[in-house]
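Here is the structure we will look at.
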Amino acid sequence: MSAVSTDSAGAIASQQSEDDDAGPRASAPLRLMAVHAHPDDESSKGAATMARYAREGVDVLVVTLTGGERGDILNKAMDRPEIRADLAAVRRAEMARAREILGVRQQFLGFTDSGLPEGDPLPPLPEGCFALQPLETAARPLVRAVREFRPQVILGYDENGGYPHPDHVKCHQVTIEAFEAAGDPDRYPDCGEPWQPAKLYYFATFHKARLTALHEEMLRRGIKSPYEDWLKDWVDDPDKPGPEITTRVPCADFFDLRDQALLAHATQIDPESSWFAVPREVQRAAWPTEDFHLARSVVDTEKPEDDLFAGVRDSAKERVNR
Ligand SMILES: [Zn+2]
C-alpha cells in the first residue's frame with residue numbers, strides 16, 4: 001500500500017517504493033496506466049496530466065518497457081566516466097526520483113533498449129533488443145501488467161511512435177496488442193484474469209496548434225521563441241495529418257512538477273535546452289492543457305473531452321459501491 005500527499009508548499013510526501021506490487025489500490029476506483037518506451041518518456045509526455053490525476057486520487061501507474069540502457073548522455077554536465085560505467089543504474093535512480101515527483105507508481109517491464117540507429121545505411125538493431133522481439137513476446141509482460149493493474153484508461157504512442165525511435169514504434173504495437181488482448185480469455189491465458197480497459201489514448205504533445213500558440217504568445221510578449229525554425233520548416237503532410245486532438249486536459253498547475261520530473265532525468269536532459277525556454281506564464285496563457293487523441297473506446301463519450309475518464313467515472317463508482 002502506498003500513499004501520496006501534497007503539503008501546502010506543493011512538496012510531495014511519498015511512501016512508494018519501486019518494488020510496490022502493481023495491483024490496483026483498493027481505495028482508488030479510477031486507474032490510469034501510461035505505457036512508455038524509456039525512462040524519461042513519462043516526464044516529457046503527459047506528465048502534468050498524470051500529476052494532476054494522481055493528486056485527485058486516481059491510481060496512476062507508469063510502465064516502462066526498456067531500461068534505457070542505450071540512451072546517449074544528452075547533458076554535458078553528466079557525461080562523466082562513473083556515469084557512463086553504469087548508465088542503466090543511473091537511469092533507474094533518475095526514474096525513481098521522477099516517479100516520486102509526479103506522485104505516481106512505476107514498473108519496468110524488463111526489455112533492453114534498442115538504441116536509436118544512426119547512419120546511412122542504418123546499422124542493424126542490436127541482438128536481443130526490444131524492437132526485435134516477436135509481438136507476442138514483446139506484449140506479454142504488458143498484457144500481464146494490464147490484467148494485474150486493471151486500468152480503465154491507457155495512454156500510449158501513435159503508430160509513428162511520436163518520433164521514429166524503433167522502441168517507440170514497438171511500444172505502440174504492444175500497447176494496441178495489450179488493449180485488444182487483455183480482455184480476451186483465450187489470449188495470453190497464462191497472464192492473469194482478463195480485464196478490458198475502456199479507453200486508449202495517444203499522446204499528442206508537439207502538434208502544430210500548440211507550438212503556434214506558444215510561439216505567437218512569445219512574440220506578443222517580445223520573447224525570443226525557440227520554435228521559430230521548427231514552425232518555418234514545418235511541412236504539412238496530407239497523408240500523415242497527425243492524430244486529431246479529441247481531449248484537452250487542463251493541467252497548468254502541474255507544469256512545474258512536469259519540469260522537475262524531467263530534470264530528474266539528469267543524463268537525458270540539458271537544463272539549458274529549449275524544453276525549458278518557454279516561460280511558465282506563456283504556457284499558462286497560451287496552452288494550459290496536455291492533449292490526447294482518443295484512439296479506442298468501449299464506452300460512450302462526447303468529443304471534445306476535457307477528462308480522460310469521461311464516460312468511465314460513473315460506472316467505476318458504481319462498481320466500487322456495489
Ligand atoms: Zn524514448
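Along the sequence shown, the residues carry numbers beginning at 1. In listed order, ligands and their atoms are each counted from 1.
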Salt bridge check, Glu217 against Arg221: does any charged N sit closer than 4.0 Å to a carboxylate O? yes
Between the Zn ion (ligand 1) and His165, is there an N, O or S atom separated by less than 2.8 Å? no
Here the N/O/S atom of His38 closest to the Zn ion (ligand 1) would be ND1
Is the Zn ion (ligand 1) under 2.8 Å from any N, O or S atom of His36? no
Rounded distance [0.5 Å steps], CD1 in Ile73 versus CD in Gln268: 8.0 Å
Between Arg147 (side chain) and Ala182 (backbone), is there a donor-acceptor pair under 3.5 Å? yes
To the Zn ion (ligand 1), the closest N, O or S atom belonging to Asp41 is OD2
Going by side-chain heavy atoms closer than 4.5 Å, which hydrophobic residues are tied to Val143, directly or by a chain of links? Tyr188
